[in-house]
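Both counts, for ligands and for their atoms, begin at 1 and track the order of listing.
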Amino acid sequence: MNTHICRSAKVLFILLSVLTTFSSNVDAQEFFKKHPAINPYQYEVVKVKAFEHAAVTSAHPLASMVGAAIMQEGGNAFDAAIATQFALAVVFPGAGNIGGGGFTLARKQNGELIGIDYREAAPSKGSRDMYLDEKGNPIPGKSTNGASASGIPGSVAGMFSTHAYAKLPMSKLIEPAIELAKYGFVISEKEARGLNGTRSAFVKNSASLCAFTQKQNWKGGDTLFQPDLAATLLRIQQNGLAGFYEGTTADLIVKEMSFSGGYISKEDLKKYTPKFRKPIEFDYKGHHVISFSPPSSGGILIAQMMKMIEPFKVEKMGLNTIESVMLMVEAQRRAYADRAEHMGDPDFWKVPTSTLISDSYIKARMSDYQPGVAGSSKTTIAGQAKESEETTHFSVIDQQGNMVAVTTTLNDTYGNKTIVGGAGFLLNNEMDDFSIKPGVPNMYGALGGEANAIQPGKRMLSSMTPTLVTLNNKPYISIGTPGGTTIPNQVYEGLVNIIDFKMSLKDAIDASRFHHQWIPDAINVESDFPTNIIEALKLKGYNVSKRGAFGRMDGIQILPNGQRQAAGDKRGDDSVAGF
Ligand code: GLY
């Protein structure tokens, strides 16, 4: 163990396992043989560290180390992002994925912005009322569990679109994931708990048993082998996009559909294509913020909320005080009301983006705000604008200053709990992110209307908010988080912590969070939120309840000396790597 780093108060090591079978497999492992410092059977969580050249921060130490090693081999931030994403699909099965979808937001060293949307899409057999019974009521579980809940997966196509900006061959970027799946890796306590807790759902929703169900009682330190997933990744490595969207993998996906009433056809898979989206951009107190546009609601929401609070002296109010929380919550209420009314897939619904983030609209939205007075979601409704929880985020900044922020998801933890038989990967339950019936909340309690109704080929509204910040037109921050509808609020609070409260990246990420999403008209706070502020908010008339930790925010910030300071959230096994 590196005793120097161990002494640092800011670095937390968690020894995850003992050395097991690594030596017997090492010869067969092209990537891991070349990078002996990365040991899938014994690794540590590094929560914060500054690197001279390049850094990755993700939900899993092995995925971060893989991304960093790819950059050491000559790859750029895009190469690292692709390798990290495929590795996460193996080592972080609850949210890392090839059966889900997501968004890649990037700013190239030359300032060019790239937004790649590989959000899942509704199957061609999808329809507005597909999750309702004959009386028009939602059928419990149909949009959340089993193959019926799955949208057409976009992640693999997204990685191939991202590859247009990378330097190394795709086959090399998939290799570490194949080796991790084939030769196994040691799982953490948290993962063991997740697999044990979801076991009965896996068995119920999947046609066949698989790697996750081979043991009754997983423990931290066990090695997870995923031979079916390794074979699927190998097909992608050998056949490119067709290795997933056609041939054996497509056949296996469609076969799995028939087990639990799924809708995805071979034609749906073959037709799936990522889309390039123009990022949302806005300025906040001397910083330029770049985030994702619809079908994500995230970019619009953080633009609205930050612009709503910009005229106020937030920095004087302080972190999690009654003044700052009330102001920030009232901005959340207004922005999330607009989300429910105005946001959806822009290819199917005219989202009034420029109006929603315009100065005049923002000013009008806050015109009825009264400092110190609790608002109400009965009277605050969407403005007139004419024109899960398990997701995962990772950030990369390379030597050249290319910044990448990627958020991908299966929606709920372990998605729809359906493992594609013989292909070894989980499918998403993203169809629940559509408004399955106007006025009926989804699993995040979020309401939606026509803008987000189901139509064949349409992409469901997302909250994923991969975000970049520049300062004086230079790369500065790459950040994001999972957490369903809490995501935009987390990113908003994280950025305010850094920009207004001048907190370090790590402290900003770990700070206690609060969340208001218009409906329900309530503030959720994390369990370590200051009790006196909870009581003060209640006295003002707010409905406040504690809930478990939300999100696992990961970010990288470029320090004035050029170092890449990477930080992983205290809330998970999130870990940083770099050189
Ligand atoms: N499934 C979470 C999101 O896309 O917002």
Inset, instruction - Tell me which one of Asp433, Thr409, Thr465, Thr486 gets a heavy atom nearest to atom 3 (C) of ligand 1. - result: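 Of the listed residues, Asp433 has the closest heavy atom.
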Inset, instruction - Give the atoms of ligand 1, by number and element, whose distance to some non-hydrogen atom of Asn411 is under 4.0 Å. - result: 1 (N), 2 (C)
Legend entry - Contacting atoms of ligand 1, where contact means under 4.0 angstrom from a heavy atom of Ser462: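 Under 4.0 Å from Ser462, ligand 1 has these atoms: 3 (C), 4 (O), 5 (O).
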Legend entry - Asn429 side chain vs Ser150 backbone, donor-acceptor pair below 3.5 Å: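 A pair under 3.5 Å: no.
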Inset, instruction - Using a strict 4.0 Å threshold on nitrogen-to-oxygen distance, state whether Asp510 and Lys570 make a salt bridge. - result: no
Inset, instruction - Select one of side chain, backbone, both or neither to describe which atoms of Glu430 lie under 4.0 Å from any atom of ligand 1, heavy atoms only. - result: side chain
Inset, instruction - Test Ser124 against Ser265 for side chain to side chain contact (heavy atoms under 4.5 Å, CB included), laying out the working first. - result: CA-CA 8 Å; Ser124 50; Ser265 68; 4.2 Å; yes
Inset, instruction - Verify whether one side chain among Thr104 and Tyr118 offers a donor that lies under 3.5 Å from an acceptor in the other. - result: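 Yes, Tyr118 and Thr104 have a side-chain donor paired with an acceptor closer than 3.5 Å.
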Inset, instruction - Find out whether Phe425 and Thr249 are in side-chain contact, i.e. whether some heavy atom of one side chain is under 4.5 Å from a heavy atom of the other. - result: yes
Inset, instruction - May I ask whether Arg119 has any heavy atom positioned less than 4.0 angstrom from an atom of ligand 1? - result: yes
